[in-house]
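Reviewing the structure listed below.
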Amino acid sequence: MDYFKRTKIKDILQKDIESYQDVKVLGWVKTKRVSKNIAFLELNDGSTVKNLQIVILNPSDFALEEINRGASLKIKGYLEDVPNREQSIEMKAEKIDIIGTAPDNYILQKKEHSFEFLREIAHLRPRTKTFSTVNRFRNKISYAIHKYYQEKGFQYIHSPIITASDAEGAGEMFKVTTLDFENLPKNDQGEVNYQEDFFGEQTGLTVSGQLEAEVMATALGDVYTFGPTFRAENSNTSRHASEFWMIEPEMAFCNLEEMMDLIEDFIKYLFEYAIEEAEEEMEFFDQNIEKGRKETLQKIINATFARITYTEAVNILKKADQSFEFPVEWGMDLQTEHERYLTEKHFKKPVLVTDYPLGIKAFYMRANDDNQTVAAVDCLVPEVGEIIGGSQREERYDVLKKRMEEENMNIDKYEWFLELRKFGTVPHSGFGLGFERILMYISGIKNIRDIIPFPRTPGNARF
RNA sequence: GUACUCAUAGCUCAAUUGGCAGAGCUUCUGACUGUUAAUCAGAGGGUUAAAGGUUCAAAUCCUUUUGAGUACGCCA
């Protein structure tokens, strides 16, 4: 079989090969340079951003006019070291099979395209250098996430995609239903009767796997989820997507302070992994996306994250020698401009802000002794903003129930969640890390639509 | 959802502010070359996003629609 006998271009370029003779490669043509007595092709197979140069010493023997940029080829030949050229190894072609031709209206040109244009051709953009690099990078960091938690003894759990519980405060849900919109069943009050729906109640796509992660943490100890998350918010920003991937660790017997140590360690681990294990990708980002990205990451690895309370943050902002569009008052949520000031101007590094006012945070966050604040933490980073939101959870049955009643929640629906606090309750903590946001931060890519292969944003679900 | 900005050749952009729609790249043809975003010469390519209005004259001004970008809100 050709598939298993071919050699990956990455291995060839690293000279990780058994023989220089009878080598077979499969890939796509990036450029073609033809003259009477010699021709060159550059072939890419997705294993690396680099191309393999194919040398054709007798161009008239090959149907080169049919081989255009974008065509897929199978090439047999032998390899040769070429010490004094741009590439150190290249392939002399002996046999070329055209698997698929590419007409001359192939839209990807041999030049730079704008990110906005490439978003409109999401089916072809993975073939560009930037996006193939982004996707290889995404793969490597996904692996790093599993590696980190597995090595720490966390268990990977699968929280449901379809859920009846709205993790309050996390955002609007997409509805999941099999009801006939043209003929909705109504109850006596004239409202839609969800009892007749598929699940017998109103359901939606998950906005967070946290509640289920808490269930699993109270059985398995340390767990994490890593999966898609959906928010139906009409958000139009460079850092929001309607479908994104989130990592949610949940740890039994863990308090806020201990979790913050994990957050800092985890983020630094990912940075180090990127620099060491995704060398090619980081080099590409450093050269083509943001100069100095690697150095910035290295500085953060060596730095200690700032840790302040919300109250301290408010005091810093009040003393700031800068005017803000929105006022800073204790009890109000921090605005993006405030967060940016803290992380970009004041500390110039990631900041962990804790102990937010009770009134602006979700019901499940543990109330502090002052009864004014909760044991919450947000991790802010320059440029991207909030990449982590987490908290120690309220483990006291009565306190949680009272809080839920105050928020007019349907206690019956969350009885199972409350029962975790009834039987062998433990202090526990967890957080959510936006996968795309950490990828953006490490790579320097400025728009979330360019770090996920098929972005879903309001008005856009093509491809 | 709100505010602002933008939409001109396949792509990236000009058009001296209301006065003959143009360049580079891509593509095609030819020449030449161990080339490497090859090079050189030539050719092709347009309902200026759509609809309407003002004007002797609109890519340019006005209205509406559509799409995009940025900022904000919501959050990860």
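To find a chain, count down the sequence lines: A is the first, B the second, and so on, and within it residues start at 1.
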Inset, instruction - Hey, can you tell me if A:Phe226 and A:Phe435 have their rings parallel, tilted or perpendicular (30° and 60° cut-offs)? - result: perpendicular
With sequence neighbours excluded, residues passing side-chain hydrogen bond (donor to acceptor under 3.5 Å, both in side chains) with [X]:
{"X": "A:Asn58", "value": "A:Asp61"}
{"X": "A:Ser72", "value": "none"}
{"X": "A:His338", "value": "none"}

Inset, instruction - Produce a footprint string for nucleotides 68-73 of chain B: one letter per nucleotide, 5' end first; B if the base is under 4.0 Å from any protein heavy atom, S if only the sugar-phosphate is, - if neither. - result: -SSBBB
Categorize [X] for me: base, sugar-phosphate, or nothing, with a 4.0 angstrom heavy-atom threshold over every strand shown.
{"X": "A:Ile387", "answer": "sugar-phosphate"}
{"X": "A:Ala241", "answer": "base"}
{"X": "A:Glu339", "answer": "nothing"}

Atom [atom1] of [X] to atom [atom2] of [N]: distance rounded to whole Å?
{"X": "A:Lys92", "N": "B:G34", "atom1": "NZ", "atom2": "P", "result": "13 Å"}
{"X": "A:Asn58", "N": "B:G34", "atom1": "CG", "atom2": "C1'", "result": "15 Å"}
{"X": "A:Gln53", "N": "B:U35", "atom1": "CD", "atom2": "P", "result": "10 Å"}

Counting only heavy atoms from other residues, nucleotides and ligands, does the tally under 6.0 Å from [atom1] of [X] exceed 12?
{"X": "A:Glu80", "atom1": "CD", "value": "yes"}
{"X": "A:Lys268", "atom1": "NZ", "value": "yes"}
{"X": "A:Tyr156", "atom1": "OH", "value": "yes"}

Legend entry - Donor/acceptor link under 3.5 angstrom from A:Gln87 side chain onto base of B:U36: yes
Inset, instruction - Check if the side chain of A:Glu90 and the base of B:G34 share a donor-acceptor pair of N or O atoms closer than 3.5 Å. - result: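 Donor-acceptor pair under 3.5 Å: yes.
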Report, one pair per line, the protein and nucleotides 42-49 of chain B atoms (nitrogen or oxygen only) whose separation is under 3.5 Å.
none

Legend entry - Residues touching RNA chain B, which here means a heavy atom under 4.0 Å, drawn from residues 432-439 of chain A: A:Gly432, A:Gly434, A:Arg437
Legend entry - Salt bridge A:Lys50-A:Glu280, side-chain N to carboxylate O under 4.0 Å: yes
Legend entry - Residues A:Asp11, A:Arg6: salt bridge by 4.0 Å N-O rule: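 Salt bridge absent between A:Asp11 and A:Arg6.
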Only pairs under 3.5 Å count here: list side-chain donor-acceptor contacts from residues 376-388 of chain A, not counting sequence neighbours, and write none if there are none.
{"from": "A:Asp378", "atom 1": "OD2", "to": "A:Tyr356", "atom 2": "OH", "distance (Å)": "3.3"}
{"from": "A:Asp378", "atom 1": "OD2", "to": "A:Lys361", "atom 2": "NZ", "distance (Å)": "3.3"}

Protein N or O to nucleotides 26-31 of chain B N or O, pairs below 3.5 Å:
{"from": "B:U27", "atom 1": "OP1", "to": "A:Arg69", "atom 2": "NH2", "distance (Å)": "3.4"}

Legend entry - Proximal nucleotide (of B:U35, B:A76, B:U12) relative to the A:Phe117 side chain: B:U12
Inset, instruction - Supply the atom-to-atom distance A:Lys76 NZ to A:Asp22 CG, rounded to the nearest 0.5 angstrom. - result: 5.5 Å
Under 3.5 Å, sequence neighbours excluded: what are the donor-acceptor pairs made by side chains of residues 451-463 of chain A?
{"from": "A:Arg456", "atom 1": "NH1", "to": "A:Phe454", "atom 2": "O", "distance (Å)": "3.4"}
{"from": "A:Arg456", "atom 1": "NH1", "to": "A:Arg462", "atom 2": "O", "distance (Å)": "3.2"}
{"from": "A:Arg456", "atom 1": "NH2", "to": "A:Phe463", "atom 2": "O", "distance (Å)": "3.1"}

Legend entry - Listed once per pair and sorted, the salt bridge (charged side-chain N to carboxylate O under 4.0 Å, His left out) pairs that draw on residues 340-353 of chain A, sequence neighbours left out: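 As it turns out, the salt bridge (charged side-chain N to carboxylate O under 4.0 Å, His left out) pairs with a partner in residues 340-353 of chain A, which skip direct neighbours, are A:Arg340-A:Glu344.
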Inset, instruction - May I have all residue pairs that pass salt bridge (charged side-chain N to carboxylate O under 4.0 Å, His left out) and include part of residues 324-337 of chain A, sequence neighbours excluded? - result: A:Lys318-A:Glu329
Legend entry - Option passing side chain to side chain donor-acceptor pair (under 3.5 Å) with A:Glu42 (candidates A:Lys30, A:Lys110, A:Arg33): A:Arg33
Legend entry - Dot-bracket pairing map - RNA chain B, Watson-Crick plus G-U, both contacts under 3.5 Å, | cross-strand: (((((((..((((.....[..)))).(((((.......))))).....(((((..]....))))))))))))....
Inset, instruction - For the residue pair A:Phe115 and A:Arg125, establish whether any side-chain heavy-atom pair is separated by less than 4.5 Å. - result: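 No; the side chains remain at least 4.5 Å from each other.
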Inset, instruction - Check whether any side-chain N or O of A:Ser114 sits under 4.0 Å from OP1 or OP2 of B:U12, and answer yes or no. - result: yes
